[in-house]
Q: 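What follows is a structure written as structure tokens; I'll ask about it next.
Note on naming: letters A, B, ... go to the chains in the order of the sequence lines (proteins, then strands), and numbering restarts at 1 for each one. These numbers were taken from a predicted model, which means no experiment stands behind them. Basis for what follows: all heavy atoms, side chains included, without hydrogens, waters or symmetry-related copies.
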Amino acid sequence: MIDADIRAALCAALRHAQQKGALPAFDLPADVPVEHPRDAALGDYATPVCMQLARLARMAPIKIAQAVVEHLQLPAAIDEATVAAPGFINFRLAQRWLQGQVNAILEAGDTLGTLTLGTGQRVQVEYVSANPTGPLHMGSARNAVLGDALASVLQVAGYTVQREYYVNDAGARMRMFYATAYARYAQALGRTEFEVPEDGYHGAYMVAIGEQLAAEHGARFLELGEEAGSQAVGELALNQVLAEARNDLAAMGVSYDRWFSERTLYQQGQYDAIMSLLRQGGHLDLHDGAVWFNATAFGGSKDEVIVRSDGTPGYFASDIAYHYNKFVERGFDRVIDVWGADHQGHVARMHSMMQALGLDPARLTVLLYQLVTLKRGGEIVRLSKRTGDIITLREVVDEVGADAMRYFMLSRSADSQMEFDLDLAVAQSDENPVFDIQYAHARICSILRHGEIVSDEQADLSLLTHPAELTLIRRMVRLPEIIQLAAEQLAPHHLAYYAYDLAADLHAFYRDCRVVSSNPEDLPQSTARLRLVRACQVVLKRVLDIMGMSAPEVM
RNA sequence: GCCCCGGUAGCUCAGAUGGAUAGAGCAACUGCCUUCUAAGCAGUGGGUCCCGGGUUCGAAUCCUGGCCGGGGCGCCA
């Protein structure tokens with residue numbers, strides 16, 4: 001990548017300058033910063049390193065910069081390095097190189113921006129993993145989009161990625177869900193003496209599931225008795241909820257490689273395995289009738305209950321077994337769990353647990369995102385699955401559309417709390433920047449339709465000299481850098497801003513540069529521009545793909 | 001009380017390893033469609049980067065003390 005080439009060239013130049021005595025001897029930094037100047041007129045890349053070295057070199061920054069530039073061997077993509085006060089070195093991309101990138105992009109095609117950052121590494125991204133006790137609510141939308149886009153980014157960055165949904169189908173909550181399903185099923189058959197437990201799930205969706213199961217299966221589960229009947233009905237209800245979750249996520253373009261059942265951890269011995277491991281390691285204490293994990297030994301603020309005094313394992317027990325399974329049994333090099341900020345307190349204990357199991361805690365990254373506040377009619381909407389007062393993910397997706405939803409969720413960093421105004425989301429959908437981006441793609445398609453009589457294979461790209469053309473290419477060649485940034489920071493929102501900037505550059509080009517022309521004299525230029533537009537389409541399509549958004553050909 | 005995340009234009013938010021005159025969308029105002037899509041483009045106005053102190057040649061960015069908002073500190077998940 002260009003910035004890496006510049007870094008390398010700068011390091012070499014510093015060494016040369018010292019060897020030739022142009023700079024005094026001092027310890028050189030292992031790496032130097034390269035950034036983009038605020039003002040594009042200054043250049044495409046810049047380094048402030050000379051200012052940082054001024055103290056060590058006991059020289060004025062600008063003198064250092066001059067010495068460095070004199071000993072600098074420019075990378076192929078750069079044709080000019082200039083010194084600017086108070087000590088910047090600015091680099092300009094060569095026009096010839098930029099023009100050549102049009103072909104490079106077209107050749108790369110679907111593989112454009114593919115990096116080697118994660119080559120040879122298997123990473124798992126686990127996201128959403130909402131309790132399967134009802135429809136997904138809006139709170140999961142951010143998780144879904146973040147996790148899905150992140151997984152895509154990592155894939156492009158070279159990692160082998162697995163997308164996973166953890167199904168919490170074990171434990172007390174599940175039993176309550178089963179009891180609720182059974183009661184609703186019985187009620188649908190006229191057996192009103194069955195009641196939903198107080199701590200059960202009172203939402204209307206459970207009534208619907210009960211009615212559906214009654215209609216499909218009649219009274220035969222009643223005949224099994226409450227114990228077995230509840231088991232059978234609950235199982236069917238669970239499958240129903242999971243199927244709907246799958247559909248709802250698919251409606252946003254979110255899918256998984258694997259749905260992992262919590263239950264199997266107990267059925268297949270992983271829970272027993274980690275318990276004996278922890279016991280052997282001396283990480284367990286027994287008091288107050290419960291089994292505790294000695295988290296304070298690893299810097300935790302308190303110990304954690306693993307097995308309750310009634311003998312049932314808590315959810316932390318499952319989490320330990322689950323992550324043991326991820327790292328040890330399935331051998332992922334790295335795992336990224338996407339969690340809402342309300343789970344922030346669990347991060348430290350997970351890392352303690354990693355240490356207790358003898359695993360490097362750095363292999364587990366928990367990506368926390370701040371919770372979304374929903375507003376409707378100017379008021380904050382509270383979400384609760386128990387009371388049934390929920391806004392489902394599905395109804396919002398249906399209202400605002402998958403692309404707008406994804407763009408909205410992706411255009412904010414995970415750390416920012418966001419307000420989602422349901423009224424505004426619908427009302428503003430026409431004003432949403434997402435359409436500017438997609439419009440750019442549709443516009444490109446339109447130009448290409450008009451120009452399809454011309455073959456641009458032999459285009460003379462040296463004719464691409466208009467500032468709008470070069471600005472557009474400059475943007476296009478930055479995609480790999482953006483992908484790297486997003487992958488390293490686990491921050492897919494950079495893609496959203498890049499896509500918008502790219503679209504804006506395309507629109508400006510469109511205004512300034514006529515592509516298709518009926519005048520035969522324009523043919524060479526028209527051909528070059530067609531090729532540029534096709535390359536731009538590749539870039540735009542690529543970034544939309546990674547974000548999981550559609551690239552419409554007509555709007 | 002302790003811990004985590006925020007506070008940047010009227011609103012919603014970007015500002016990667018500290019760097020040059022702090023940006024975008026929306027909202028407001030002014031222009032631009034005989035020719036490839038005006039869901040667009042060009043321009044104007046709009047800022048004590050929450051407040052104080054500190055580190056630095058240089059701070060929206062780092063440290064520290066406050067203030068405000070969100071979240072956490074269960075034998076719930």
Q: Does the ring of A:Y498 carry A:R478 above it, NZ/CZ under 6.0 angstrom from centre and within 45° of its axis?
A: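 Verdict for A:Y498: no cation-pi partner in A:R478.
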Q: Has A:F435 got its ring stacked on the base of B:A39, with centres under 5.5 Å and planes less than 30° apart?
A: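 Check passed, A:F435 stacks on base of B:A39.
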Q: Which listed nucleotide (B:G71, B:G70, B:C75) is nearest to the side chain of A:Q344?
A: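 The nucleotide sitting nearest to the side chain is B:G71.
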Q: How should the glycosidic conformation of B:C33 be described, syn or anti, under the criterion that syn lies within 90° of 0?
A: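 Judged by the O4'-C1' to base torsion, B:C33 sits in syn, the angle falling within 90° of 0.
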Q: Does a side-chain N-to-carboxylate-O contact under 4.0 Å join A:R475 and A:D505?
A: yes
Q: Look at the side-chain N and O atoms of A:Y510 and state whether any lies under 4.0 Å from the OP1 or OP2 oxygen of B:A38.
A: yes
Q: Should the side chain of A:N90 and the base of B:A20 be counted as holding a donor-acceptor pair, with the cut-off at 3.5 Å?
A: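 When only heavy-atom distances are counted, A:N90 does reach the base of B:A20 through a donor-acceptor pair under 3.5 Å.
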Q: Scan every strand shown for a Watson-Crick or G-U wobble partner of B:U12, both distances under 3.5 Å, and answer none if you come up empty.
A: B:A24
Q: Using side-chain hydrogen bond (donor to acceptor under 3.5 Å, both in side chains), reason through A:S318 and A:Y266 one step at a time and then give a plain yes or no.
A: CA-CA 8 Å; A:S318 295; A:Y266 295 90; 2.7 Å; yes
Q: Any strand counts, and the cut-off is 3.5 Å on both contacts for Watson-Crick or G-U wobble. Which nucleotide pairs with B:C36?
A: none
Q: Would you say B:A20 has OP1 or OP2 under 4.0 Å from some side-chain N or O of A:R38?
A: yes
Q: Find the partner of B:C41: check Watson-Crick (N1-N3 plus N6-O4 or O6-N4) and G-U wobble (N1-O2, O6-N3) distances, both under 3.5 Å, and reply none if neither fits.
A: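 B:C41 is paired, partner B:G31.
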Q: So what does A:A54 touch, heavy atoms closer than 4.0 Å: a base, only the sugar-phosphate, or nothing?
A: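 Nothing, no nucleic acid heavy atom in range.
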Q: Work out how far the P atom of B:C41 is from that of B:C51, and round it to whole angstrom.
A: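 Nearest-Å result for B:C41 against B:C51 at atom P: 33 Å.
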Q: For nucleotides B:A14 and B:G58, find the distance between their P atoms and express it as a whole number of Å.
A: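 Per the computed distance, 29 Å lies between those P atoms.
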Q: In whole Å, what separates the C1' atom of B:C62 from that of B:G18?
A: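 Roughly 7 Å separates the two C1' atoms.
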Q: Between A:R412 and A:V32, name the one whose nearest nucleotide on RNA chain B is closer to the 5' end.
A: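 Its nearest nucleotide being more 5', the pick is A:R412.
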Q: Nearest to the side chain of A:Q370, which nucleotide is it out of B:A16, B:C5, B:U12?
A: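 For the A:Q370 side chain, the nearest candidate turns out to be B:C5.
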Q: Less than 3.5 Å apart, any donor N or O on the side chain of A:H507 or A:R443 sitting next to an acceptor on the other?
A: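 Yes.
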Q: Hey, does A:T373 reach any base, or is it just sugar-phosphate, or nothing, if we go heavy atoms under 4.0 Å?
A: nothing
Q: Can you tell me how far P of B:U17 sits from CD of A:E481, to the nearest Å?
A: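 Atom CD in A:E481 sits about 14 Å away from atom P in B:U17.
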Q: Spell out yes or no: do the side chain of A:S309 and the base of B:C75 have one donor N/O and one acceptor N/O closer than 3.5 Å?
A: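 Answer yes: a donor N or O sits under 3.5 Å from an acceptor.
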Q: Could you tell me whether A:K326 and A:D337 have a side-chain N and a carboxylate O separated by less than 4.0 Å?
A: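 Yes, charged N to carboxylate O under 4.0 Å.
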Q: Using purine N1 to pyrimidine N3 plus N6-O4 or O6-N4 for Watson-Crick, or N1-O2 and O6-N3 for G-U wobble, both under 3.5 Å, which nucleotide pairs with B:G69?
A: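 Its partner is B:C5 (Watson-Crick or G-U wobble, both distances under 3.5 Å).
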Q: Return whichever of A:D501 or A:K302 has its heavy-atom-nearest nucleotide of RNA chain B closer to the 5' end.
A: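 Comparing both residues, the 5'-ward one is A:D501.
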Q: Among A:V516, A:L448, A:V102, which one satisfies side-chain contact (heavy atoms from CB on, under 4.5 Å) with A:V533?
A: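 Of the listed options, the one satisfying the test is A:L448.
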Q: Contact class for A:V49 vs. all strands (heavy atom < 4.0 Å): base, sugar-phosphate, or nothing?
A: nothing
Q: What is the nucleic acid contact for A:E35, judged by heavy atoms within less than 4.0 Å: base, sugar-phosphate only, or nothing?
A: base
Q: Categorize A:A440 for me: base, sugar-phosphate, or nothing, with a 4.0 angstrom heavy-atom threshold over every strand shown.
A: nothing
Q: Give one of base, sugar-phosphate or nothing for A:C513, where a contact means two heavy atoms less than 4.0 Å apart.
A: base
Q: Within the structure shown, what part of the strands sits under 4.0 Å from A:F88 by heavy-atom distance: base, sugar-phosphate, or nothing?
A: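 Here A:F88 touches the bases of the nucleic acid.
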Q: Determine the interatomic distance between C1' on B:U35 and the same-named atom on B:A16; round to the nearest Å.
A: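 44 Å, rounded to whole Å.
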Q: Classify the side chain of A:H494 and the base of B:A14 as holding, or not holding, a donor-acceptor pair under 3.5 Å.
A: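 When only heavy-atom distances are counted, A:H494 does not reach the base of B:A14 through any donor-acceptor pair under 3.5 Å.
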Q: Would you please confirm or rule out a distance under 4.0 Å between OP1 or OP2 of B:A77 and any side-chain N or O of A:Y315?
A: no
